[in-house]
Amino acid sequence: MIAMAGVAAAQKKQEAGARWEPARHEKDDWLDKASVKHRLLFDTTTADGLGDALSFTSNFYRANQTDYGIESRDLAVVIVVRHRSAPFGYNDAMWGKYGATLAARSKVEDPKTKQAPAGNFFNATGYGDLLTNRGTTLEAVAKLGAQFGVCTLSTRAIA
């Protein structure tokens, strides 16, 4: 009987008009912009996934501008880099010093040299169709307003 009460309680319908609201934390305040009309989050775990997210982010900004007349400042895009994509949240200085380690962690090689990247190739030009981002860089989407979250657990594991 106790188990049934638990199931019944779990299946109880919400009161009319009640909405689920996520827990809010002070460190998440940067996500709240009063003018934001559309929000999008990409959670990436691989280099290819990050490349796709960069390309799709560019498309998201462009489609909102052309189809809805919504400026980039009125959109919120967050790209999370974790697991094997986390090293691409680091700058060229980190890649220059620890490129072999970061490449091994990410399971990538520079598509031009077939070696460990000496820099963050998602922030470099000249890769065109060699990467899934199709030339859209981290810097380009950051200028549009995209924000990035780099996984602390992955960063600690790399360190």
Side-chain angles (χ1 to χ4, degrees), residues 20-159:
W20 175 82
E21 291 289 333
R24 299 299 307 170
H25 304 277
E26 189 175 319
K27 66 175 148 182
D28 298 328
D29 287 348
W30 64 277
L31 294 169
D32 291 324
K33 293 190 324 190
S35 65
V36 170
K37 294 180 177 36
H38 297 159
R39 297 172 189 233
L40 183 61
L41 178 123
F42 291 101
D43 181 19
T44 69
T45 60
T46 64
D48 283 348
L50 174 57
D52 287 340
L54 292 169
S55 181
F56 296 154
T57 296
S58 177
N59 291 345
F60 179 74
Y61 280 108
R62 186 173 40 256
N64 272 279
Q65 170 62 44
T66 58
D67 296 344
Y68 298 101
I70 298 173
E71 298 296 325
S72 61
R73 70 179 173 273
D74 296 326
L75 301 169
V77 177
V78 177
I79 301 173
V80 177
V81 291
R82 63 184 183 91
H83 196 51
R84 291 191 181 124
S85 67
F88 294 100
Y90 312 146
N91 63 22
D92 285 340
M94 290 285 287
W95 276 92
K97 187 170 183 178
Y98 303 108
T101 300
L102 299 177
R105 172 76 177 185
S106 296
K107 299 190 183 308
V108 299
E109 62 181 27
D110 186 309
K112 289 181 178 180
T113 66
K114 305 300 182 201
Q115 302 292 317
N120 186 337
F121 55 61
F122 282 118
N123 216 23
T125 58
Y127 282 87
D129 290 334
L130 297 175
L131 299 170
T132 57
N133 65 327
R134 293 177 277 202
T136 302
T137 63
L138 294 158
E139 184 178 336
V141 296
K143 284 182 179 177
L144 291 170
Q147 298 181 65
F148 300 89
V150 181
C151 180
T152 302
L153 296 175
S154 294
T155 299
R156 287 182 183 147
I158 293 166

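As the structure is a computational prediction, the values presented were derived from the model and not from experiment. The analysis underlying the following values was restricted to heavy atoms, covering all of them including side chains, and did not include hydrogens, waters or symmetry mates.
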Under the side chain to side chain contact (heavy atoms under 4.5 Å, CB included) test against Asn123, which residue among Asn133, Leu54, Thr137 passes?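 Going through the options one by one, the only one that passes is Thr137.
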Looking only at non-hydrogen atoms, find the nearest pair between [X] and [Y] and report the distance.
X      : Y      : result
Ala103 : Ala116 : CB-CB, 3.8 Å
Arg84  : Ser106 : O-OG, 2.9 Å
Glu109 : Phe121 : O-CE2, 3.8 Å
Tyr61  : Gly145 : OH-C, 3.3 Å
Gly51  : Thr132 : CA-OG1, 3.1 Å

If you measure from [atom1] on [X] to [atom2] on [Y], what distance do you get to the nearest 0.5 Å?
X      : Y      : atom1 : atom2 : answer
Thr155 : Met94  : OG1   : CE    : 8.0 Å
Ile79  : Leu40  : CD1   : CG    : 8.5 Å
Leu102 : Lys97  : CG    : NZ    : 11.5 Å
Arg134 : Asp52  : CZ    : CG    : 7.0 Å
Ile158 : Leu153 : CD1   : CG    : 11.0 Å
His38  : Ile70  : NE2   : CD1   : 4.0 Å

Is there a donor-acceptor pair closer than 3.5 Å between any side-chain N or O of [X] and the backbone N or O of [Y]?
X      : Y      : value
Ser154 : His83  : yes
Lys112 : Gly126 : yes
Ser85  : Thr44  : yes
Trp95  : Pro87  : yes
Asn120 : Asp92  : no
Thr113 : Gln115 : yes
Lys114 : Pro111 : yes

### Query
Do other residues, nucleotides or ligands put more than 12 heavy atoms under 6.0 Å from the OH atom of Tyr98?
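At most 12 heavy atoms, drawn from other residues, nucleotides or ligands, come within 6.0 Å of this atom.
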Next item on the list: Determine whether more than 12 heavy atoms belonging to other residues, nucleotides or ligands lie under 6.0 Å from atom CG of Asp67.
Entry: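 Result for CG/Asp67: enclosed.
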Residue pair [X] / [Y], side-chain heavy-atom distance below 4.5 Å:
X      : Y     : value
Leu50  : Phe42 : no
Thr136 : Thr57 : no
Val108 : Phe88 : yes

